[in-house]
Amino acid sequence: MSKKLAILAACLLWATAAPAQTRLSAQDFVTKVAISDMMEIQSSQLALARQPDADTKPFAEQMVKDHQQTSKELKALVDSGKVKVALPSALDAEHLKKLEDLKAKSGKDFDRAYDQMQVRAHEEAVAFFEGYAASGDNPDLKSWAAMTLPHLKEHLAMAKKLS
């Protein structure tokens with residue numbers, strides 16, 4: 001599995017997710033990661049459609065690419081039977097609202113909002129993955145979270161350079 005891509009899976013979701021719980025279930029973890037991937041892909045595609053500034057464009061392109069791959073990897077874990085959970089197929093109401101709020105912005109306001117969203121999302125993703133890697137209830141997901149964590153930290157550093 002691509003660790004870099006797995007990291008990205010959690011990023012945008014974490015912008016609104018609660019901090020990692022002491023004992024998060026595999027279903028909760030997978031749901032948050034999958035929704036994060038969807039949000040990351042959709043918000044980054046939106047950023048690319050808005051003619052982003054020079055530093056945001058390559059970041060958004062990387063987010064789309066990596067999150068599409070992470071989504072495939074997460075689905076493969078579920079399909080393998082190692083992780084017995086249901087994958088969500090759409091954004092939840094909270095993330096739909098965040099996406100709609102982002103769509104309402106333009107120009108520098110859009111770039112600023114997108115960049116800030118990325119920083120918050122990655123900060124929360126790092127904490128979330130640390131928590132699951134330490135005390136998650138599925139050994140395969142715990143391992144995946146631990147392998148993904150260094151890449152999430154890299155993406156956080158990249159996101160901080162945007163703002």
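Numbers here simply count residues along the sequence, with the first being 1.
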Do [X] and [Y] sit in one hydrophobic cluster, given that two such residues count as connected whenever their side-chain heavy atoms are within less than 4.5 Å of each other, even indirectly?
| X | Y | result |
| --- | --- | --- |
| Phe59 | Leu46 | yes |
| Leu99 | Phe110 | yes |
| Val33 | Val64 | no |
| Val85 | Phe128 | yes |

Can you check whether [X] reaches [Y] side chain to side chain, under 4.5 Å on heavy atoms?
| X | Y | answer |
| --- | --- | --- |
| Asp137 | Phe29 | no |
| Met38 | Gln42 | yes |
| Val126 | Glu130 | yes |
| Met158 | His122 | no |
| Ser43 | Gln118 | yes |

Notebook entry, point to check: Of all residues at least two apart in sequence or in a different chain, which pass the side-chain hydrogen bond (donor to acceptor under 3.5 Å, both in side chains) check with Lys57?
Noted result: none
Next item on the list: Check side-chain hydrogen bond (donor to acceptor under 3.5 Å, both in side chains) between Gln27 and all other residues, then give those that pass, not counting sequence neighbours.
Entry: Thr31
Check: Are Val119 and Leu162 close enough, and set up right, to give a side-chain contact (heavy atoms from CB on, under 4.5 Å), and what steps lead you there?
Finding: CA-CA 9 Å; Val119 171; Leu162 295 175; 5.9 Å; no
Pairwise distance [atom1]([X]) to [atom2]([Y]) - rounded to 0.5 angstrom:
| X | Y | atom1 | atom2 | result |
| --- | --- | --- | --- | --- |
| Glu73 | Trp144 | CD | CH2 | 7.0 Å |
| Arg120 | Leu156 | CZ | CG | 12.5 Å |
| Lys105 | Asp111 | NZ | CG | 12.0 Å |
| Leu91 | Glu100 | CG | CD | 10.0 Å |
| Gln68 | Ile41 | CD | CD1 | 5.0 Å |
| Ser135 | Leu24 | OG | CG | 8.0 Å |

Notebook entry, point to check: Within the side chain of Asp37, is there an N or O that forms a donor-acceptor pair under 3.5 Å with the backbone of Ser71?
Noted result: yes
Check: Is the number of heavy atoms from other residues, nucleotides or ligands under 6.0 Å of Gln51 CD greater than 12?
Finding: no
Note to self: Under the salt bridge (Lys or Arg N to Asp or Glu O under 4.0 Å) definition, can you give me all pairs with a residue in residues 76-86, not counting sequence neighbours?
What the structure shows: Lys75-Asp79
Next item on the list: Take Lys97 and Asp101 through the salt bridge (Lys or Arg N to Asp or Glu O under 4.0 Å) test and state the conclusion after the steps.
Entry: CA-CA 6 Å; Lys97 169 128 179 46; Asp101 290 348; 3.1 Å; yes
Item checked: Trace of the side-chain contact (heavy atoms from CB on, under 4.5 Å) decision for Tyr132 with Asn138 -> CA-CA 9 Å; Tyr132 196 84; Asn138 180 289; 3.5 Å; yes
Checklist line | Under-4.0 Å salt bridge between Glu123 and Lys153 | finding: no
Checklist line | Salt bridge present between Asp109 and Arg112 (N-O < 4.0 angstrom) | finding: yes
Taking all non-hydrogen atoms of both residues, which atom of [X] and which atom of [Y] are closest, and how far apart?
| X | Y | result |
| --- | --- | --- |
| Ala60 | Ala47 | CB-CB, 4.2 Å |
| Ala90 | Ile35 | O-CG1, 4.1 Å |
| Lys103 | Arg50 | O-NH2, 2.8 Å |
| Leu87 | Val30 | CD2-CG1, 3.4 Å |

Check: Taking atom types as modelled and ignoring hydrogens, do the side chains of Asp53 and Thr56 form a donor-acceptor contact shorter than 3.5 angstrom?
Finding: yes
Item checked: Chi angles and distances behind the side-chain contact (heavy atoms from CB on, under 4.5 Å) call for Met147, Phe129 -> CA-CA 10 Å; Met147 289 187 317; Phe129 271 69; over 6 Å; no
